[in-house]
Amino acid sequence: MSLLNNIATSRICNLYHLTQLHAHLIHLSLHHHNQWVALLLLHCTRLHAPPAYAASIFHAATHPYIHIFTSMLKYYSQIGAHTEVVPLYKHLQCLGIKPDIPFYPLLIKSAGKASLMFHAHVLKLGYVHDHYIRNAVIGVYAKYGPIELARKLFDEMTDRNRITADWNLMISGYWKWGNEQEASRIFHLMADSERNVITWTTMVTGYAKLRNLDSARLYFDRMPERNVISWNAMLSGYAQSGAAEEALTLFNDMIDSRNEPDETTWVAVISSCSSLGDPCLAESLIKKLYRNNVHSNHYVKTALLDMHAKCGNLEAAQSIFDQLGVHRSSITWNAMISAYARVGDLASARDLFDKMEKRDTVSWNSIIAGYAQNGESLTAIDLFKEMIRSKDSRADEVTMLSVISACGHLGALELGNWAVSILKENSINLSISGYNSMIFMYSRCGSMKDATRIFQEMATRDLVSYNTLISGYAAHGHGKESIELLSKMKKEGIKPDRITYIGVLTACSHAGLLQEGQKVFESIEVPEVDHYACMIDLLGRVGKLEEATRLIQSMPMKPHAGSYGSLLNASRIHRKVRLGELAAAKLFKLEPYNTGNYVLLSNIYALAGRWEDVDKVRKTMRKQGLKKSTGWSWVEHEGQMHKFIVGDRSHEKSDDIYKLLREIRVKMRREGYVADRSCVLRDVEEEDKEEIVGIHSEKLAICFALLVSQMGTVIRVVKNLRVCGDCHTSIKMISKLEGRKIIVRDNNRFHCFSNGLCSCKDYW
DNA sequence: TTAGGGTTAG
């Protein structure tokens with residue numbers, strides 16, 4: 001017997017010790033088989049031993065009795081192997097062993113959904129009057145539904161028969177099924193004396209899961225007594241809702257009131273640190289963990305990994321990942337993938353993703369978002385197509401958010417519509433941010449009608465919804481609509497932020513709405529430097545260059561590059577060489593490596609015919625080792641994105657494209673238009689040189705589209721950099737000569753060309 | 001031998 005006591009109490013802390021003990025017992029071939037089997041199974045449960053090993057111990061019992069089955073049930077229940085429970089019960093029946101009463105609640109609880117079949121069984125045995133058994137049956141119905149059946153059992157009891165656990169199960173059941181009203185009603189039906197700490201904690205958790213933190217806190221504060229689980233419920237509520245500061249404050253309260261934190265507490269605290277992304281805080285937390293000798297389980301380790309990743313310490317994150325070895329879960333993998341994706345190390349993220357054996361939706365979402373957020377929209381969409389093909393995980397709202405916004409970045413309307421159709425096919429419901437991504441996509445694809453429609457269809461809108469649509473209007477030069485939206489949001493009680501005002505002012509600027517813009521500017525409580533820059537842009541575009549200059553001189557903060565940039569651009573539009581030079585001089589000091597400023601200044605000289613100065617600027621650029629960055633253009637055709645860079649000849653239709661380009665030039669000359677030249681080429685005779693230098697990407701994209709699209713279709717082109725002045729002129733001509741409507745989006749606005757005119761005629 | 005709390009993607 002002392003040996004058995006030893007087995008029960010000995011500190012077996014890993015599987016190796018367990019197998020040693022097991023071998024030793026077999027060697028002794030004791031007669032107490034059944035007793036030591038039960039005890040070893042308890043250790044298996046504690047150590048999460050593999051099912052095959054636990055089963056081998058179970059089968060070592062020569063004359064199994066009910067206690068061994070109970071131990072095995074506990075093991076299955078711990079590892080969540082619900083499907084093993086029914087076969088185990090059948091095994092027991094085969095052996096003719098009669099279960100004792102404590103066996104049934106355990107059986108019912110560990111069988112998961114399958115336990116519904118035991119209800120009739122225990123009824124027949126007359127056991128349903130037993131507190132524990134009845135409670136277990138209520139628990140199953142509360143958890144797996146229909147909850148009405150749980151309620152029926154509950155209602156059939158008299159008050160005297162009900163134990164607090166029954167009430168608690170009903171409350172947590174209603175929370176589980178999203179019935180806040182009934183949960184709260186049952187809570188209030190209880191007498192104060194009947195409520196225990198679990199009752200109160202269930203209420204806290206229920207409200208916390210609904211993200212109703214105020215109510216959760218109300219119940220938490222009213223609790224007569226709290227244990228570590230109650231504290232954890234409130235802490236996790238804060239942590240999961242992103243209320244990191246509140247979580248950390250509450251944690252301090254917890255320590256002050258001398259409550260001992262456990263692993264779950266630390267997980268909540270660590271994840272709050274992660275969302276704050278503060279490396280100093282993380283460091284002090286690690287010290288605290290160290291001081292408290294915290295035994296870190298799998299959850300703590302994963303939370304720590306994520307915290308290091310979010311606080312920028314990838315080495316520490318990787319080291320935890322390596323330490324975890326075979327204990328890595330898909331969550332660990334996913335956290336590591338998004339850690340690399342977050343810092344833009346897509347190669348490492350992809351490497352991990354490819355090595356993963358069992359990917360889930362979050363794995364796909366992490367890698368797709370990684371590509372989407374690092375400017376690799378096309379790869380993001382390709383991966384999404386692969387995800388659909390692989391069928392190992394279902395796309396959800398988060399997936400679609402990345403995909404839809406990637407379509408927006410590409411300006412790919414066909415792809416965008418396809419993504420939207422997938423929402424319906426898979427009945428994926430969108431939250432506000434999902435709809436916001438659709439508004440973004442349609443805006444960027446030039447379909448303001450759809451963007452507006454989505455906005456109007458939304459039941460509730462947030463600040464981002466307004467800002468996205470306003471920015472869309474700004475890009476299209478819809479000034480009036482953006483002002484209307486500004487007053488609408490104020491009426492709905494949504495406070496505009498700096499982004500809102502940047503959008504509205506930009507819209508006014510693109511639409512030439514001087515007075516309206518001024519009014520908006522004056523209404524900003526504390527205008528920031530960007531708002532001044534927008535205002536300078538607005539004044540500059542409408543030709544009020546003196547006022548723009550005065551504003552830049554009188555603004556309360558130091559003007560930044562954007563402010564002088566606006567002035568430089570205005571000088572180009574209105575051909576003010578002297579002012580342009582002044583603005584450029586400031587800009588060269590503020591951002592000497594921005595090639596755009598040099599190009600703008602050289603364009604100003606070119607427009608004035610000052611070719612020596614053009615050369616001077618070019619020389620300066622060369623001397624500084626600066627090269628004009630390459631702009632590329634995209635055009636969508638049959639769901640495929642075709643990409644062109646300047647002078648591109650890699651496209652399979654290149655020969656046809658260049659042939660068409662020549663034909664258009666001939667036509668242009670015949671019609672008396674000056675054929676297009678690169679901004680700095682001096683005369684028409686040199687135009688052939690352009691082909692050596694390179695035809696601009698947007699012209700190549702347009703010619704490709706002219707070749708492949710039908711006559712009536714609108715050609716949509718996306719250019720990642722600004723459409724230059726000469727291209728602008730030649731696209732106008734192409735639209736007239738070819739009788740086509742062409743929409744070009746450059747990095748910040750839309751140009752709609754038709755019949756030789758551009759929608760933004762005041763712009764060039 | 002009743003009931004309550006945990007890590008990843010936007």
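The sequence lines fix the lettering, A, B, ..., with proteins before strands; numbering per chain opens at 1.
Within 6.0 Å of the NZ atom in A:Lys176, the count of heavy atoms belonging to other residues, nucleotides or ligands exceeds 12. Atom NE2 of A:His67 has 12 or fewer heavy atoms from other residues, nucleotides or ligands within 6.0 Å.
A:Arg359 forms a cation-pi arrangement with A:Trp364, by the criterion of a distance under 6.0 Å to the ring centre and an angle within 45° of the ring axis.
Partners of A:Tyr76 according to the ring pair (Phe, Tyr, Trp, His ring centres under 6.0 Å) rule, which considers only residues two or more places apart in sequence or in another chain, do not exist here. A search for side chain to side chain donor-acceptor pair (under 3.5 Å) contacts involving A:Arg162 returns A:Asp159, not counting sequence neighbours.
Within the 4.0 angstrom heavy-atom criterion, base atoms lie near A:Glu263. At the heavy-atom level, A:Lys310 lies under 4.0 Å from the strands shown only through sugar-phosphate atoms. As judged by a 4.0 angstrom heavy-atom cut-off over every strand, A:Arg162 is placed among residues making no nucleic acid contact. Using a 4.0 Å heavy-atom criterion, one finds that A:Asp360 contacts no nucleic acid atom at all. Within the nucleic acid shown, A:Ala268 has no heavy atom closer than 4.0 Å to any nucleic acid atom. Residue A:Thr302 is in base contact, counting any heavy-atom pair closer than 4.0 Å across all strands shown.
DNA chain B is contacted by no residue of residues 427-441 of chain A, taking any non-hydrogen atom closer than 4.0 Å. For DNA chain B, the neighbouring residues in residues 166-176 of chain A, judged by any heavy atom under 4.0 Å, are A:Asn168, A:Leu169, A:Ser172. Contacts with DNA chain B (heavy atom under 4.0 Å) in residues 97-104 of chain A: A:Pro102, listed by number.
Side-chain N or O atoms of A:Thr205 include one that pairs as donor or acceptor with a backbone N or O of A:Thr201 at under 3.5 Å.
For the 3.5 Å distance criterion, the side chains of A:Asp382 and A:Thr379 fail to qualify, holding no donor opposite an acceptor. Between A:Ser465 and A:Asp462, the side chains place a donor N or O and an acceptor N or O closer than 3.5 Å (distance only, hydrogens not considered).
Taking the six-membered ring for Trp and the full ring otherwise, A:Phe251 and A:Trp266 have centroids separated by under 6.0 Å. Aromatic pair A:Trp418/A:Phe384: ring centres closer than 6.0 Å.
Electrostatic pairing of A:Glu148 and A:Lys152 does not count as a salt bridge here, judged by no charged N lying under 4.0 Å from a carboxylate O.
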Next on the checklist: salt bridge (Lys or Arg N to Asp or Glu O under 4.0 Å), that's the test. Do A:Arg151 and A:Glu182 meet it? Break it down for me.
Outcome noted: CA-CA 11 Å; A:Arg151 182 59 179 266; A:Glu182 232 9 63; 3.0 Å; yes

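Annotation: the span from A:Arg134 atom CZ to A:Glu156 atom CD amounts to 10.0 Å, rounded to 0.5 Å.
Using a 4.0 Å cutoff to heavy atoms of chain A, the contacted part of DNA chain B runs 5' to 3' from B:dT1 to B:dG10.
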